[in-house]
Structure formats: C-alpha cells, structure tokens
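These notes are about the structure you will find just below.
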Amino acid sequence: MQAGAVDNLESVITRRCHAMVTDRGYVEELADVEDDFDRWYVEVVRKAELADDSPVRGTRIIRPYGYALWENIQRQLDDRIKATGVENAYFPLFIPKSMLEREANHVEGFAPEVAWVTHGGDKKLEEPWAVRPTSEAIICPIYARWVQSYRDLPILINQWANVVRWEERPRAFLRTVEFLWQEGHTAHASLDEAEERTRQMLDVYEDLCVTELAIPVVPGLKSESEKFAGALRTYTIEAMMGGKHWALQSGTSHNLGDHFGRVFEIEFLDANGERQFAFNTSWGLSTRIVGAVIMVHGDERGLRMPPRVAPTQAVIVPIWRKAKERESVEAAVKTVQQSLGKDIRVKVDLRDDKTPGWKFNEWELKGVPIRIELGPRDIQNEQVMVVRRDTGEKQPVPMSDLPEMLPKLLEEIQENMMAQATAMLNDNSERVTEYERLRERASANAGFSYAFWCGSSECEDKVKAETHATIRCIPFDQPAEGGHCIVCGSAAEIEVVFARAY
RNA sequence: CGGGGUGUGGCGCAGUAGGUAGCGCGCGGCGUUUGGGACGCUGAGGUCGGAGGUUCGAGUCCUCUCACCCCGACCA
C-alpha cells in the first residue's frame, strides 16, 4: 500500500468518525453550519447547484436549480406588484454620463460602483455611458416626456432587469457585480400619494417574505446615513440570517420626494393650472433574497426550501434490488406520480447509477421539502414512505391518501419553517439599555439589539466604528414611551435595531 | 486600496535532495449491487497560472507578472 492511500484511508476514517460524533449522518464535506457559517454558505451554494463560479471576477453563474427558485420568487412578486396596478416595461442598460450626474446625491452615492462604457467598437464615445447601477437617471427623464398634466399621473411602472455595481467583495447572491432584480419606478402628483405608494410596496415585500419564503422581517425606516442616494427617505425590511445572526436588507422602498422630479424636470400642471414637479418612488428586491432563503432556513444537512417556492416540492426515490422489482417499482412510481397531478411539483429520481442512500443525501442537501420512498415492501402494503426535510420525520402513508395528504403536508412544513425562523429572530433579539451590552452582543454575533437612539449621526458612527453594528432600521413598531440614547445617554424618542449586516 | 495566503488532471491534494508528474474523489466501459452517500476489474484525462532567467536538465531555484481566496475600509 502506498503512502497516499494510507493517508486517504485515514482521512476517510476521520471523516466517518467525525460524522458519527457530531451526528451528522453521512453528510460529508459540508462545513459545519454553526462553527463555520460563511464556508457552509459557499459550499451549500456550490454543492446544491444553486450557483457556480464565473471566469469574470465578481460575477456568478446562476444554475438551473437556483434560477428555478428565483423564478418562483419572481412569479409571486410579479403577481403582487401587478395586483397593485403597476405595469411592467423595460428601459435601457446604459445611461449617458450627464444624465446619471443630474441628481447630486445620487451620483455621489453611486460613483464608486459604476462601470463605464467608453468605446463602441474601436471608436471612443463622445460621452461615456454608465452601465446602470439602478435606473432612476434614465427613467425619470423619460417620465418627464410623458407627463404634462396631473391627468398623466400617476405613472406606475416596474422592470425586471440586471444591474451592475462594481463591488469589492462579492458573495454569491448576496453581493455580486451583476445582479438581477426588479425595480419599480412611480411618479405622482403629490408627496402623500408617493409616500403611500412607498409604504404599500414595502408591505408587498414583507408579504412576499412572510407568506412565500417563510422569512419574518423587521420593517422600518432607514437612518439618514443608510438611506438611498438621492431619496427623501428609505424604508426597508430586515431579515435575520442563521449562523451568525447578521441582518440582511431584503427589500427597500424609497420615497424620492421631488428631488428627481426637479432635476429631471418632470413638470406638470395641476388641477388649478399651477406648475408642479412630480414626486417619485422607487423600490427594489433582488436575487439577494435567494441568499436569505439559504441562510435563514439551511441546516447542517444543507438547504431547506420553503415549499411554496421550492423548485421541487417532492421527490420520489424508487428502490429495488432485482430487475423484476425494478419493473414493478417503476410502474408504481408512475401511478403515484400521476395520482398527484399537477398541483405539486414532483420529481422522480430514476437514476440507476446512484444508490437510494446517495439520493436521499443529495435531495436533502438540495432542500426538497418532501421525499417519497417507494420500494417492493411498500408496493406490498400499498403505501409509500414519506419523509419531511424540515423535521426528518418518516412515516408510511397509504398510496391512496397521498394526493390529499401531500398539499397539506407542504403547508404544514411551510408553517413550521416560518415558526422556526420566527423563533430564531425572537431568540436572538434583545432590548438593550447599556452600551457595553450592545458591544458585547455585536462581538458575540448575538443578533438584533433594540436600543434607543438620540438621532445624531455622531452616536450612530460611534457604534459602527466600535462594534461594526449599524442601524438596520427604525422599526415601525415603536415602544410606547421614550428612553435614553444607548450611546450618549440623552433623551431619545426612537428605538432602532442595531446589528451587523451582510 | 492596506495585510495574509494559494496557484499541479473536473474537484481536493502530494511531489521530499533539481532528473521531464502521483494519490483520492469524480468521469467512461464491464460485472456484481441498490430501504441512509456500494464494490471489483478496467480505461481516459495534466506539462505543473503566465513570461523570462540559472542549469546538461526546473513543478522544484531566481526575477517579473497575472489570477483567485481570506482579513480590514464601501455596498441591494
């Protein structure tokens, strides 16, 4: 036996022992979700085939399984957006430099992360084009053309698009140089109406997260320093990720006031014949949300897909020994599959080069909510074995009960996952009154810390510099009475959420 | 942009003293297997990130360069 072989044998033995000790079954080569969450994330993304590395720095390939998840989320969100009266359209990828620079705060905010097109073929452009980091600067001037009268308002448009932001430290789904999102852009005749729309769309995002993704969120207002470049105010939903309990800004909605209306001259005559500038909103939710699904629900065995958006809701794994058995098992599988109809997304794993055990592990890694095992013994008893991904619970179910039982079970899993995610959020949130406690919690990755804040950027900056925690939002849900600023101790009216963020 | 690290078959790695590459996984074929990541036999696959240099001879030594990863400042 050669040295290499011995080493390898030892490493295999070590892995097996480790697996037994930590009770992780046969899940191999996946970093521990508690000990090394960042590596776990990277590995899950790759092994579950959600995304792959790309030859271009900072960009990732979204593989079919990851894209299917995104498409399901997209569909749910698109329906909700349209239900509020918004229509989809498409605006260009490129924005002339001068247009991007019209709104001062906007340019300043995005300048460091804009990619520029300077040449067309071998001809240098008169004026460079920005690759859109967001589309206000190209959409608003068009709106200006479309609006003359208050009767032309509101304009309610959404687009599904890719955007580019030159990020330094990319992470699959969470922060990539190019990413996919939807961006809604509306124009209104009054600030009140714009405000109403801004809040309405934040509610849409919250509903999407809670209802479809089983992700509880803390909705609120961003502080001045955290708001969108050029906005009057920014609302956000903040979700708590598993592992390190950091926050992830999961969707934002901006009331742009008339800042963009003025600089892009979206001017109209109101009912009194007075000239006015339009009020705008913009709101976006990106593929980043896929990262949230991974990090909120994943466990030591890999992903756990929320049933409502799971690309595959149930996978049937046939089991056989002999060719004869195979025949009858595959026939039974077909019958079961047909009995389930089109209401649930079922996949049958007929691969004969993988053992059932291998398939179990793979589908668990991929987070399929329900596994159905069907073998000779089951055919005998006219049943199947049903295994829940969320609890690992395994039970025999009569084949005839399956069509009725499965949709219910999927809902139950969805609810259970929401309950678990809510428990995680609550268990890792604390109201703090001492600065030292805030510091402790930040360094211990203890989650969200609720504390009073006087509103000064000095206090905000101090916390950020000393603890790395930032004000994630000023929650809508505020305590009845005021208190004292966690930093300076002066009287404070508002409570904020401090947390480290992705 | 500052600090640290790594580049060797698809992936993970080894390569001791310079002598023109090796292991595991994976992959193809055949056979036995299949209720929690099966096994045997057999086969294909790399010029060692790139450029230059030292040397009879470089994966190994030297110089330059590129890329990627990790840690810090900015971000949906």
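Sequence lines set the chain letters: A, B, ... in the order given, protein chains first and strands last, and positions in each chain run from 1. Because only heavy atoms are used, hydrogens play no part in the values below, and waters and symmetry mates are left out as well, while side chains stay in.
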Reckon A:Arg371 touches a base, only the sugar-phosphate, or nothing at all at heavy-atom distances under 4.0 Å? base
With sequence neighbours excluded, give me every ring-ring contact (aromatic ring centres under 6.0 Å, His included) pair touching residues 206-237 of chain A. A:His106-A:Phe228, A:Phe110-A:Phe228, A:Phe228-A:His254, A:Tyr235-A:Phe476
Would you mind listing every ring-ring contact (aromatic ring centres under 6.0 Å, His included) that reaches into residues 366-401 of chain A, with sequence neighbours excluded? none
In residues 170-180 of chain A, what donor-acceptor pairs under 3.5 Å come from side-chain atoms, sequence neighbours left out?
residue: A:Arg175; atom: NH1; partner: A:Arg169; partner atom: O; Å: 2.5
residue: A:Thr176; atom: OG1; partner: A:Glu178; partner atom: O; Å: 2.8
residue: A:Glu178; atom: OE2; partner: A:Asn162; partner atom: ND2; Å: 2.9

Would you list the atom pairs, donor with acceptor, under 3.5 Å between side chains in residues 214-221 of chain A and any protein atom, with sequence neighbours excluded?
none

List in numerical order all residues of residues 314-331 of chain A for which some heavy atom is under 4.0 Å away from an atom belonging to RNA chain B. A:Ile319, A:Trp320, A:Arg321
For A:Leu156, the side chain to side chain contact (heavy atoms under 4.5 Å, CB included) test, sequence neighbours excluded, returns A:Val86, A:Pro154, A:Thr186, A:His188, A:Arg197
Counting any heavy atom closer than 4.0 Å, what does A:Gly375 reach on the DNA or RNA strands: base, sugar-phosphate only, or nothing? base
Contact state string [nucleotides 66-76 of chain B, B base, S sugar-phosphate only, - no protein heavy atom under 4.0 Å]: --SS-SBBSBB
Under the rule for salt bridge (charged side-chain N to carboxylate O under 4.0 Å, His left out), what residues qualify as partners of A:Glu87, not counting sequence neighbours? none
I'd like to check the side chain to side chain contact (heavy atoms under 4.5 Å, CB included) partners of A:Glu49; sequence neighbours left out, ordered by chain and number. A:Arg63, A:Lys366
Tell me, what's RNA chain B's dot-bracket, Watson-Crick or G-U with both distances under 3.5 Å, | for other-strand, [ ] crossing? (((((((..((((.....[..)))).((((((.....)))))).....(((((..]....))))))))))))....
Would you tabulate the nitrogen or oxygen pairs shorter than 3.5 Å linking the protein to nucleotides 27-31 of chain B?
residue: B:C27; atom: OP1; partner: A:Lys354; partner atom: NZ; Å: 3.4

Side-chain donor-acceptor distances from residues 310-324 of chain A under 3.5 Å, at least two apart:
residue: A:Gln313; atom: OE1; partner: A:Arg345; partner atom: N; Å: 2.8
residue: A:Gln313; atom: NE2; partner: A:Pro307; partner atom: O; Å: 2.9

